[in-house]
There are 2 protein chains.
Amino acid sequence: MRNRTERLLVIKSIISSQKISSQEELLKLLEAKNFNYTQATLSRDLKFLKVNKIADPGKGYIYKLPDLPVTETSEIAESHAAKGFVSIQFSNKLGVIKTLPGYASSIAMLIDSANPFEIIGTIAGDDTILVIPNENITEKDVINSLVLIIPELKNKLD
Amino acid sequence: MRNRTERLLVIKSIISSQKISSQEELLKLLEAKNFNYTQATLSRDLKFLKVNKIADPGKGYIYKLPDLPVTETSEIAESHAAKGFVSIQFSNKLGVIKTLPGYASSIAMLIDSANPFEIIGTIAGDDTILVIPNENITEKDVINSLVLIIPELKNKLD
DNA sequence: AGTTGAAATGAATATTTATTCAAAATGAGG
DNA sequence: CCTCATTTTGAATAAATATTCATTTCAACT
């Protein structure tokens, strides 16, 4: 029985890594990890995360994380972002991303458009982005979320 | 009371043009257009179309057509496709797209990756794509479907 | 610590959606 | 125009999910 934020993160990770076809099923997996909640709560969590159920050949229906918005998520935008990304540091719960000159606003836009719940918003200058994480979100969570948005960052970040 | 294929097309068009939040609601709209079916059938249709329900600020939940796969749907790929597209003609239920030299296979891949139910598959040469429509799909349906995949085609096609 | 307002949660329930099972409809050969 | 096989459908029901309403938890102030 831990807290909501942690639970949301675990739900995201479970859904992205395996095929889940009902809330009951997910509930049991959460129990296995010592999250004891009810279906009602799970229903609200999935709504919050904008998770959706979709037909799947084989499993009938499975849950799926929301797709990143198509417009700004092209491979081009991503590799542009990956190229311009220099580093990220944290201080006082805030993240500071350094980019190559001129890259900050496009990278920030990419992050904003993905709208991960881990990040409330960003503010970009020319080569610096301030990342404002949600409450109770750790540095690790922020980084995981960024890697989801810009997969190519994986190399630069571990 | 008309046929399944027609019904599927209407469902797609309704869902893409307005916010629907339950099958009952959609059922009524279909009735208004003289499609008299039951919720059971609708449930199967939505599964077939891979339509999914997702949280929506305001309406609670709404139905949503599946997103086009992200990888090949970048603006770049689309405008590349739009640029290379020359024309489409139909003969014996088959569509033949003419493209600029070399464009056929990338355009065909874009269509295949969107996987619209209106089109069973494509075969591409260098500057020609054979488009094999599903049964009972009209030329108009194929074209609508192509425009959904490559919005910029709208100009070239009407 | 005590108070207050907001957020999170569970139990029960309402609502919605999927499936089962039998019946029609459709289509391909004879 | 008859089979026979397949597909589509509806009615009823099962299963899954969302919401209501009351309660608890939590954080921010006294």
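Chain letters run A, B, ... following the sequence lines, proteins first, then strands; residues in each count from 1.
Between the OH atom of Y63(A) and the P atom of dA18(C) there is a distance of 10 Å, given to the nearest Å. The CZ atom of R44(A) sits 15 Å away from the P atom of dT17(D) (whole-angstrom rounding). Between the CG atom of L42(B) and the P atom of dA11(D) there is a distance of 14 Å, given to the nearest Å. Per the geometry, CD belonging to E6(B) stands 12 Å off P belonging to dT9(D), to the nearest Å. In this entry the distance linking CG of N36(B) with P of dT9(D) reads 12 Å, nearest Å. If you take CG of L26(B) and C1' of dA18(C), they are 16 Å apart, rounded to a whole angstrom. Atom-to-atom, NZ of K59(B) to P of dT19(D) comes out at 12 Å; the value is rounded to the nearest Å. What separates CD1 of I62(A) from P of dA18(C) is a distance of 14 Å, to the nearest Å.
To the nearest 0.5 Å, the span separating OH on Y61(B) from CG on N52(B) amounts to 12.5 Å.
Residue-level contact check: S43(B) touches the bases, meaning some heavy atom is under 4.0 Å from a base atom. Using a 4.0 Å heavy-atom cutoff across all strands shown, F48(A) reaches no nucleic acid atom at all.
Side-chain nitrogen and oxygen atoms of K47(B) include at least one within less than 4.0 Å of the OP1 or OP2 phosphate oxygen of dT19(C). In this model, the phosphate group of dA18(C) is approached by a side-chain N or O of Q23(B) to a distance below 4.0 Å at OP1 or OP2. Residue Y37(B) places no side-chain N or O under 4.0 Å from the OP1 or OP2 atom of dG10(D). Look at R7(A) and you'll find a side-chain N or O under 4.0 angstrom from OP1 or OP2 of dT9(C). In terms of phosphate contacts, T41(A) brings no side-chain nitrogen or oxygen within less than 4.0 Å of OP1 or OP2 of dT9(C). Contact annotation: K53(B) does not reach the phosphate of dT16(C) (side-chain N/O to OP1 or OP2, under 4.0 Å).
In terms of heavy atoms, P116(A) sits closest to I111(A) at CD-O, 3.6 Å.
Judged by the 6.0 Å and 45° rule, R4(A) forms no cation-pi pair with Y37(A).
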Before giving the answer on side chain to side chain contact (heavy atoms under 4.5 Å, CB included), spell out for Q23(A) and L46(A) the whole-Å C-alpha distance, their side-chain angles and the decisive distance to 0.1 Å. CA-CA 9 Å; Q23(A) 296 183 5; L46(A) 296 179; 3.7 Å; yes
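Counting only heavy atoms from C-beta on, T38(A) has its side chain closest to dA11(C) among dT17(D), dA11(C), dA18(C).
Between the side chain of Q39(B) and the base of dA18(C), a donor-acceptor pair under 3.5 Å is found.
A donor-acceptor pair under 3.5 Å is absent between the side-chain atoms of D45(B) and the main chain of L42(B), judged by distance alone.
Where D45(B) and A40(A) each meet DNA chain D at their nearest nucleotide, the meeting point lying more 5' is that of D45(B).
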